[in-house]
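Per chain, numbering begins at 1; letters A, B, ... match sequence-line order.
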There are 2 protein chains.
Amino acid sequence: MVTLATVSRAAGVSTATVSRVINQPEKVDKRTRELVEKTIKELGYRPNHYARTLASKTSRTIGVIVNRFASTYYGQMLEGVETALEVHGYKTIAESSRESAKGEQEALTSLLDRQCDAIVMHTNQLTDAQLRPLLQEKQPIILLNRHLEGYCQRCIYLDNEAAGERAANYLLDCGHRQIAMITGSDEFHEALARTKGFRRAFEKRGLELNEDLVVKSRFGFKGGYDGFKQLQKRAVPYTAIFFQSDEMAIAGIEAAQEYGLSAPADFSVLGFDDVEAAQYLTPKLTTMRQPLNEIGKAAGLLALAEFTGKQEFFDGKREFEATVKQRASVTSLGS
Amino acid sequence: MVTLATVSRAAGVSTATVSRVINQPEKVDKRTRELVEKTIKELGYRPNHYARTLASKTSRTIGVIVNRFASTYYGQMLEGVETALEVHGYKTIAESSRESAKGEQEALTSLLDRQCDAIVMHTNQLTDAQLRPLLQEKQPIILLNRHLEGYCQRCIYLDNEAAGERAANYLLDCGHRQIAMITGSDEFHEALARTKGFRRAFEKRGLELNEDLVVKSRFGFKGGYDGFKQLQKRAVPYTAIFFQSDEMAIAGIEAAQEYGLSAPADFSVLGFDDVEAAQYLTPKLTTMRQPLNEIGKAAGLLALAEFTGKQEFFDGKREFEATVKQRASVTSLGS
DNA sequence: CTGATATATGAAAGCGCTTTCATCAAGTGA
DNA sequence: TCACTTGATGAAAGCGCTTTCATATATCAG
């Protein structure tokens, strides 16, 4: 194995000098530097990341924790973080929590043990009380789509309430009145907030939201499929459905087929996320576009800013807005 | 910071003993062990992963390199690797190559520098010649869906040729003769193999594959969309289309709408992958099911077996088969 | 030419852990 | 009882690097 010492011996200098060539080249005489650089190349020396981190106490890597890898939702955020950090010479490593509190906790300590300089995490299984102590680490931890009292500085999130409200308003503006909503699971702050905002839109207009039309379900295809069936069972008329994720909407549309119903002919559907598939479906899905990539970027940059203490990395934008992406699955009711 | 030394002092033992309690508890007297364990807990001590790895030269983690995070295809494999390793107390960390040769190379050295005990990688940008030297590391590197002369021991793959052949045969058996194919990009070994197998099926039956009906495109939604349009431009009649990925198929079906065509009424479509969305589309997508999760698991286990030298981790199955998942998008042509 | 300042380098201590080797006490069989 | 194994523990070296501090040489103003 080629180590610093190997190189230093070969070049006839001390290990300190070789180290300097790598980390602060300007502090080394040009001739020495070139000699060392040549030797490094010839020997194919690659610094041992672990030794380096151990000695310097910084690893130039940011850890990211997501719920699942096999989901575009998290994947897009992840890519956002990655691209933002790459520019500044930082690496991203990812772990998944497999949707369990234990997993979230383990991933966090694992990443901490790996000396990540900062951590970006999406957490919904851990309660506020469980989470708080974990946040005491000296490495900054950025929370995705989660609000924690007194920890706002380090939260990046979509304003899900506003998004829910906007979704309702859009449907309302299209003339719909009997609007159903299939929600994501309670466990997710996102779902709760979207529901709350949705309700508020009705209140503000002095309209009543028919509670029989809101069915609690789960994110993911299956959740949309089951949710739709449940809605049908209630036999309450509706002209539009708001699904709290695109995956749910896709599956819901399919479920409708089994009842001989089809969107948007029989009812309008509004999704959420704007996954890549949304624009390639039949009907093309009208959905609440969520800037997943930018959210990821912001989180990455905030992590960097917090870790380095250089605020210029981060532009201060912690809150993002979802916007209506109009396509074909929502139709206006003729007034 | 609580270190080994802190604990050892508090417990009144040597650091060696504390270390043993953690790594080989059976070698420590029960009473001492319990005392140390108690102290560890009280102090909230967590071993420093870096120091540990540096000293022991093993990190108990496997690195995985995928092309992109925001794709279910890789996500599912990743989850497969993860679940397989978790059981054995190994961690998985992932990096993405962002679909570039440079990215693949960087991810590899980064993971190597991180002392991953073994690496599982999906690589298609690096040429065989570029790849070979990288494989010389002492850490075993497992290749996903790639064949490398003389490196078969460490390759896990879907038999894409057989899959392509099977796809063609299925369509042929359904009575289709004018079959179009939209391929993935040449850069991917997967695409080439599927095409090859597809061709072979025709040859074996003494049938001719109309070359005007095969259009080279790219994986991903856009590739399917563009591919279909290109196919239309050629104005050659067909009764079925084989898309080399589900994403392509989804987008292709949508593109067809723009021509007033719809599947399966106007033509059958066969996809590839069986992504979760496939069963929730209209029409439900008939597709070549690829056991992504199992492939990931196998790769993880093989990595473990190679690293530890314990062959019992791995069951020897390196090659996987795709099977036809019949749903609604392919119809039989009345004979 | 002198003392002060800047620049380039090396020696050596440490980062937090594992592991080898030596030590010591306790147990064993003859 | 003695020589001998066995088991539990500690001292200390070392993993590959960074960084502080001291040293040595070069540079400069006066």
Side-chain angles (χ1 to χ4, degrees), chain A residues 1-37 39-40 43-61 89 109-110 112-117 137-139, chain B residues 1-37 39-40 43-61 89 109-110 112-117 137-139:
Chain A
M1 179 169 226
V2 186
T3 72
L4 243 211
T6 324
V7 176
S8 76
R9 246 173 284 128
V13 299
S14 73
T15 59
T17 301
V18 181
S19 175
R20 276 193 210 96
V21 169
I22 293 167
N23 299 303
Q24 357 183 22
E26 71 284 358
K27 294 208 173 170
V28 178
D29 186 80
K30 187 152 173 284
R31 293 212 314 268
T32 324
R33 191 187 337 134
E34 280 165 0
L35 168 65
V36 172
E37 275 163 354
T39 318
I40 286 181
L43 265 43
Y45 167 72
R46 275 196 341 248
N48 177 317
H49 183 77
Y50 276 51
R52 221 170 158 175
T53 301
L54 184 59
S56 71
K57 312 204 153 232
T58 149
S59 60
R60 289 189 81 81
T61 105
T109 61
S110 154
L112 248 18
D113 291 346
R114 285 197 155 63
Q115 308 288 102
C116 287
D117 293 336
E137 303 292 333
K138 69 169 189 302
Q139 293 96 325
Chain B
M1 178 171 230
V2 186
T3 72
L4 243 210
T6 322
V7 176
S8 76
R9 247 174 285 126
V13 298
S14 74
T15 61
T17 300
V18 180
S19 175
R20 276 190 211 101
V21 168
I22 292 167
N23 299 303
Q24 357 183 24
E26 70 284 359
K27 293 208 175 173
V28 178
D29 186 80
K30 189 151 173 283
R31 292 211 315 265
T32 325
R33 181 173 0 118
E34 280 166 359
L35 167 66
V36 172
E37 275 163 354
T39 318
I40 288 181
L43 265 45
Y45 166 71
R46 273 191 349 243
N48 178 319
H49 183 78
Y50 276 52
R52 223 171 156 173
T53 301
L54 183 59
S56 71
K57 309 202 154 234
T58 148
S59 60
R60 290 189 81 82
T61 104
T109 61
S110 152
L112 248 18
D113 292 347
R114 283 197 156 63
Q115 308 288 101
C116 287
D117 293 334
E137 303 292 333
K138 70 168 189 302
Q139 292 96 324

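With Arg46(A) contributing its side chain and Thr109(B) its backbone, the two residues share no donor-acceptor pair below 3.5 Å. Under a 3.5 Å cut-off, the side chain of Asp117(B) and the backbone N or O of Arg60(B) do form a donor-acceptor pair. Between the side chain of Arg52(A) and the backbone N or O of Pro47(A), no donor-acceptor pair lies under 3.5 Å.
When heavy atoms are screened at a 4.0 angstrom cut-off, Ser19(A) is found touching base atoms of the nucleic acid. No engagement by Thr53(B) is indicated, since no non-hydrogen atom pair under 4.0 Å with the nucleic acid exists.
Computed from C1' positions of five pairs at each end, the angle between the two local axes of the helix from dC1(C)-dG30(D) to dA30(C)-dT1(D) equals 30°, rounded to 10 degrees.
A side chain to side chain contact (heavy atoms under 4.5 Å, CB included) with Val18(B) is found for exactly one of Thr39(B), Val7(B), Asn23(B), namely Val7(B).
In this structure, CD of Glu34(A) is placed 15 Å from C1' of dA8(C), rounded to the nearest angstrom.
Between Glu26(A) and Arg20(A) there is no salt bridge, since no side-chain N of the basic residue sits under 4.0 Å from a carboxylate O of the acidic one.
For Thr17(A) and Ala51(B), each mapped to the nucleotide of DNA chain C holding its nearest heavy atom, the one lying further toward the 5' end belongs to Thr17(A). In terms of position along DNA chain D, the nucleotide closest to Ala16(B) lies nearer the 5' end than the nucleotide closest to the other residue of the pair Ala16(B) and Lys57(B). Residue order along DNA chain C, read from the 5' end via each residue's closest nucleotide, puts Val28(A) first among Val28(A) and Val18(B). Nearest-nucleotide positions on DNA chain D for Lys27(B) and Ala55(B) put Lys27(B) closer to the 5' end.
The distance from the CD1 atom of Ile40(B) to the CD1 atom of Ile22(B) is 4.5 Å, given to the nearest 0.5 Å.
Here the side chains of Tyr50(B) and Gln115(B) are not in contact, with every heavy-atom distance at 4.5 Å or above. Side-chain contact between Thr17(A) and Thr32(A): present, with at least one pair of heavy atoms (C-beta onward) separated by less than 4.5 Å.
You can see that DNA chain D meets the heavy atoms of chain A within a 4.0 Å-exclusive cut from dG16(D) to dT20(D), reading 5' to 3'.
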